[in-house]
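These notes concern the structure reproduced below.
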Amino acid sequence: MEQIYKEIERLKQRLAQENLKAVIIPHISPDGDAVGACSAFYTALTKAGIVCHILTCDYFPEYLRWLKNITRSVSFQDKPDVCRRLIAGADLLFMLDHNTVKREGDLEPFVSVFRGDKVIIDHHPDPEEAEYMISDIRVSSTCELLYTVITGIWGREAIDPDMANALYTGINTDTGGLSHNSSRPQTYRVIADLLELGLNKELVHHYLYQMNKLTRLRLIGHALLNKLTVNPDFPLAIIPITLEELEKYNYREGDLEGLVNIPLSVEDICVSIQITQRKERVKLSFRSKGTVPVNEWAKTFFKGGGHLNAAGGQMNLPLEQVIQKINETAPWFFQTYVKR
Ligand code: 5GP
Ligand code: MN
């Protein structure tokens with residue numbers, strides 16, 4: 001933590017300079033932690049007089065667009081030239097909730113040649129090099145860490161109720177509603193302070209958990225009833241979802257959020273993998289219970305990575321072949337990492 005406070009102090013000095021321009025970039029397929037962090041940090045930088053823009057390589061999911069400032073973001077899909085120009089012209093580039101430019105999709109080539117100062121604010125293992133490194137794998141979420149960054153630079157008074165809602169959104173969603181990766185007392189001190197600063201917890205819960213569309217419930221029901229299979233040899237659940245199924249249930253980005261966690265509620269299952277067919281690739285989501293490191297599986301065979309209990313990856317293979325690859329590598333994974 002000592003090192004992090006030093007980095008925050010260095011960043012504070014840098015941000016005190018005049019006429020700064022900044023861009024804020026979340027990871028591809030941004031989740032509640034990435035979007036919450038973008039929302040709160042945009043407000044913090046803007047209030048400090050820094051001209052900034054949120055750039056995404058794809059789009060923010062509908063269920064998070066209520067967060068303040070998120071609809072102001074610029075997507076590379078809509079305005080590639082604007083994104084390119086804003087990156088090239090920025091003094092500072094903030095990478096939020098990811099540890100490598102490889103997780104920035106189509107923005108990667110432009111971020112890779114960025115000449116200004118890169119700042120990583122994140123909680124994933126093994127971050128790549130950056131001028132300012134504010135990274136801690138022990139925190140629940142990037143939003144928890146960002147609370148420390150914002151209060152360290154501008155004081156706790158800088159956090160307004162909308163920012164408190166955004167930061168809590170990240171803490172809540174990245175911990176599965178405070179169920180995993182949330183046993184450090186500090187997480188609750190941060191939440192307590194956010195409440196003092198105007199966090200409206202009921203409102204956040206309403207937006208996160210009470211805005212379902214019926215088609216989303218039906219898609220999840222279909223997946224659990226007809227698609228979920230359990231491996232006969234290992235405590236492993238797999239849920240494959242095809243493009244046709246997504247279309248049938250009128251899929252919107254974020255509709256499958258949380259599905260992959262559900263099989264872990266079964267006593268004997270300790271790994272759950274969701275495999276979702278997208279237009280050009282297959283996306284994998286890994287979840288596990290206890291000390292089973294699914295990030296190792298994602299990293300070794302599925303071009304991905306992530307946290308011990310929540311990881312992801314992607315493959316340019318047909319769905320069937322991805323399932324086959326999971327089944328083929330399952331013996332290696334369970335024999336190496338799971339004591340039976
Ligand atoms: P999700 O299953 O929610 O998409 O991702 C869970 C976690 O896995 C994310 O928070 C992120 O840390 C990690 N992750 C997801 N996809 C990828 C990927 O393609 N590459 C890497 N390195 N990590 C990923
Ligand atoms: Mn996160």
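Counting starts at 1 for both ligands and their atoms, following the listed order.
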Ring center gap for F333 and F234 short of 6.0 angstrom: no
Does an N or O anywhere in G312 fall below 3.5 Å from an N or O of ligand 1? yes
Mind checking whether the Mn ion (ligand 2) has an N, O or S of H124 under 2.8 Å? no
Which single N/O/S atom of D174 lies at minimum distance from the Mn ion (ligand 2)? OD2
Proximal ligand 1 atoms for Q314, defined as those under 4.0 Å from one of its heavy atoms: 18 (C), 19 (O)
When you measure from atom 23 (N) of ligand 1 to every protein heavy atom, which one gives the shortest distance, and what is it? G305 O, 3.1 Å
Element-labelled atoms of ligand 1 that are located less than 4.0 Å from some non-hydrogen atom of S285: 1 (P), 2 (O), 4 (O)
Working note: L284 + I326, criterion side-chain contact (heavy atoms from CB on, under 4.5 Å); need CA distance, chi angles, decisive distance, verdict. CA-CA 10 Å; L284 294 100; I326 290 171; 3.9 Å; yes
Examine H124 against ligand 1 and note whether any of their N/O atoms are separated by less than 3.5 Å. yes
If we only count N/O pairs under 3.5 Å, is L284 in contact with ligand 1? no
Any idea which part of R287 is under 4.0 Å from ligand 1, heavy-atom wise: side chain, backbone, both or neither? side chain
Mind listing the closest non-hydrogen atom pair of A164 and I159 along with its distance? N-CG2, 3.9 Å
Checking distances from the Mn ion (ligand 2), one finds that the N, O or S atom of D97 closest to it is OD1
Under the salt bridge (Lys or Arg N to Asp or Glu O under 4.0 Å) rule, what do R14 and E131 come out as? Steps first, then yes or no, please. CA-CA 11 Å; R14 180 75 172 96; E131 275 72 24; over 6 Å; no
K299 heavy atom under 4.0 Å from ligand 1: no
Without swapping roles, check the side chain of D91 against the backbone of K21 for a donor-acceptor pair under 3.5 Å. yes
Within the 6.0 Å centroid threshold, strictly below: F301 and W332: yes
Minimum distance, heavy atoms only, to atom 11 (C) of ligand 1: which one of R103, K102, E257 is it? R103
Output the atom name for the N/O/S atom of D33 with the smallest distance to the Mn ion (ligand 2). OD2
What protein heavy atom lies closest to atom 7 (C) of ligand 1? Include the residue and the distance to one decimal. A310 O, 3.5 Å
Flag yes if Y63 and L203 sit in one hydrophobic cluster, no otherwise; membership is Ile, Leu, Val, Met, Phe, Trp, Tyr, and two members link when side-chain heavy atoms are under 4.5 Å apart. yes
For D193 and Y147, what are the C-alpha separation, side-chain angles and deciding distance, and is it a side-chain contact (heavy atoms from CB on, under 4.5 Å)? CA-CA 10 Å; D193 201 34; Y147 165 89; 2.5 Å; yes
Looking at D160 and K68, is any side-chain nitrogen of the basic one under 4.0 Å from a carboxylate oxygen of the acidic one? no
Nearest to atom 4 (O) of ligand 1, what protein heavy atom do you find, and at what distance? K283 NZ, 3.0 Å
Counting distance only, does the side-chain N/O of E7 pair as donor-acceptor with the main-chain N or O of M133 below 3.5 Å? yes
Would you call the rings of F94 and F41 parallel, tilted or perpendicular, where under 30° means parallel and over 60° means perpendicular? perpendicular
Min over G304, G306, A311 of heavy-atom distance to atom 20 (N) of ligand 1 lands on G304
Close N or O approach (K303, ligand 1; < 3.5 Å): no
